[in-house]
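Contents: one structure, followed by commentary.
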Amino acid sequence: MEKPLDRCLDEVFNTPGVTGVLCADAQGLCLSSKGTAHPRAAGVITSLMKQAAQLEPTADNLPVLRLESESCNILIQGKSEITLAVYKTPE
Amino acid sequence: MKKYLHEIMSQIDGIHAVLITDRDGVPVLKAATESAPELALRPGFLTTVGMATDQAGKLGMGKSQRIACIYGKYQVIHFNRFPLMVSMIASSTANTGMLLGLEAELSSLVQDLKAAVDVI
């Protein structure tokens, strides 16, 4: 049942520079994760997405979050009830 | 300790109560807001989780560690920390992943209570 999702995440994970990818549902539960993305981060990632969306409630699309740290950059975006986080090596 | 529980509750929107009980549902430590459903705070409700945890352990996948029950208006998360049980009651719209993540934060408190209960 999760094969189409896994295939999609594999495609993202195999992109150069990507070290991890995580997909979470609206409740903050991890649907799938690969690489350095820890499943326990699903709750925090969903929560960050919800908080960011409140900054511009009238916007048509949810914002893209970019968290930058020394060891990696994390890109987060949500659509309908799914939130996706991509962990990348810093540029 | 109650103050610590209230601080933890303030971290996540929608948490109504955090209870640490024994296997019979008797509260060892309780922190609840006014919006917590009273029925869910009673030993009669909480003790059923202990039974469910024991039954879940017979499914052949090892001991049950956590149970998450999501209802129409509320969700109840339980962590099995024998002989204690940690129960969190929250709104059904609260972030379940964040609630499950609180297990690590409550770990040290539960260890201290476990030591106290063992002495008794």
Side-chain angles (χ1 to χ4, degrees), chain A residues 1-2 5-6 8-9 12-13 20-59 62-65 67 69 71-72 74-87, chain B residues 5-18 33 35-37 40 49 52-53 56 61-81 86-111:
Chain A
M1 188 168 80
E2 69 277 12
L5 175 63
D6 267 348
C8 193
L9 291 187
V12 176
F13 185 57
V21 62
L22 182 145
C23 186
D25 69 0
Q27 298 258 208
L29 297 170
C30 178
L31 295 171
S32 185
S33 69
K34 299 198 184 293
T36 53
H38 200 285
R40 282 183 187 251
V44 176
I45 284 167
T46 311
S47 179
L48 283 170
M49 193 68 243
K50 277 186 184 164
Q51 300 289 338
Q54 287 175 16
L55 292 172
E56 210 178 352
T58 55
L62 290 170
V64 178
L65 300 188
L67 307 173
S69 71
S71 56
C72 80
I74 305 173
L75 300 166
I76 305 171
Q77 192 183 23
K79 187 144 189 167
S80 65
E81 300 202 339
I82 302 291
T83 303
L84 186 73
V86 178
Y87 291 49
Chain B
L5 280 186
H6 277 287
E7 277 174 18
I8 286 181
M9 282 168 63
S10 66
Q11 289 176 16
I12 300 173
D13 286 340
I15 291 190
H16 298 317
V18 178
T33 64
S35 43
V49 180
T53 302
M61 292 185 289
K63 274 189 188 173
S64 166
Q65 294 177 334
R66 298 167 211 100
I67 294 180
C69 307
I70 301 178
Y71 302 98
K73 287 185 187 175
Y74 302 103
Q75 58 182 304
V76 189
I77 313 285
H78 305 276
F79 302 122
N80 180 16
R81 295 297 192 102
V86 182
S87 302
M88 289 192 290
I89 301 162
S91 161
S92 57
T93 56
N95 190 318
T96 312
M98 294 276 281
L99 291 172
L100 290 168
L102 285 180
E103 185 181 12
E105 290 202 40
L106 291 169
S107 179
S108 58
L109 175 61
V110 173
Q111 276 301 114

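Chain identifiers are assigned alphabetically (A, B, ...) following the order of the sequence lines, protein sequences preceding nucleic acid strands; residue numbering begins at 1 within each chain.
In summary, of the residues considered (B/Val86, B/Ile15, B/Ile77), a side-chain contact (heavy atoms from CB on, under 4.5 Å) with B/Leu102 occurs for B/Ile15 alone.
For A/Asp6, the CG atom is densely surrounded, since the number of other residues' heavy atoms within 6.0 Å is greater than 12.
B/Ile70 touches chain A through its side chain: at least one heavy atom from C-beta onward sits under 4.5 Å away, while N, CA, C and O do not. Contacts between B/Ala94 and chain A at a heavy-atom distance below 4.5 Å involve the backbone alone (N, CA, C, O).
A/Ser32 and A/Glu2 share no donor-acceptor pair across their side chains, judged by distance under 3.5 Å alone.
Legend: residues meeting ring-ring contact (aromatic ring centres under 6.0 Å, His included) with B/Tyr74, ordered by chain and number and at least two apart, are B/His16.
Heavy-atom pairs under 4.5 Å with chain B were tallied for A/Cys30, A/Gly28, A/Pro39; the largest tally goes to A/Gly28. Chain B forms more heavy-atom pairs under 4.5 Å with one residue of A/Gln27, A/Arg40, A/Lys50 than with any other, namely A/Gln27.
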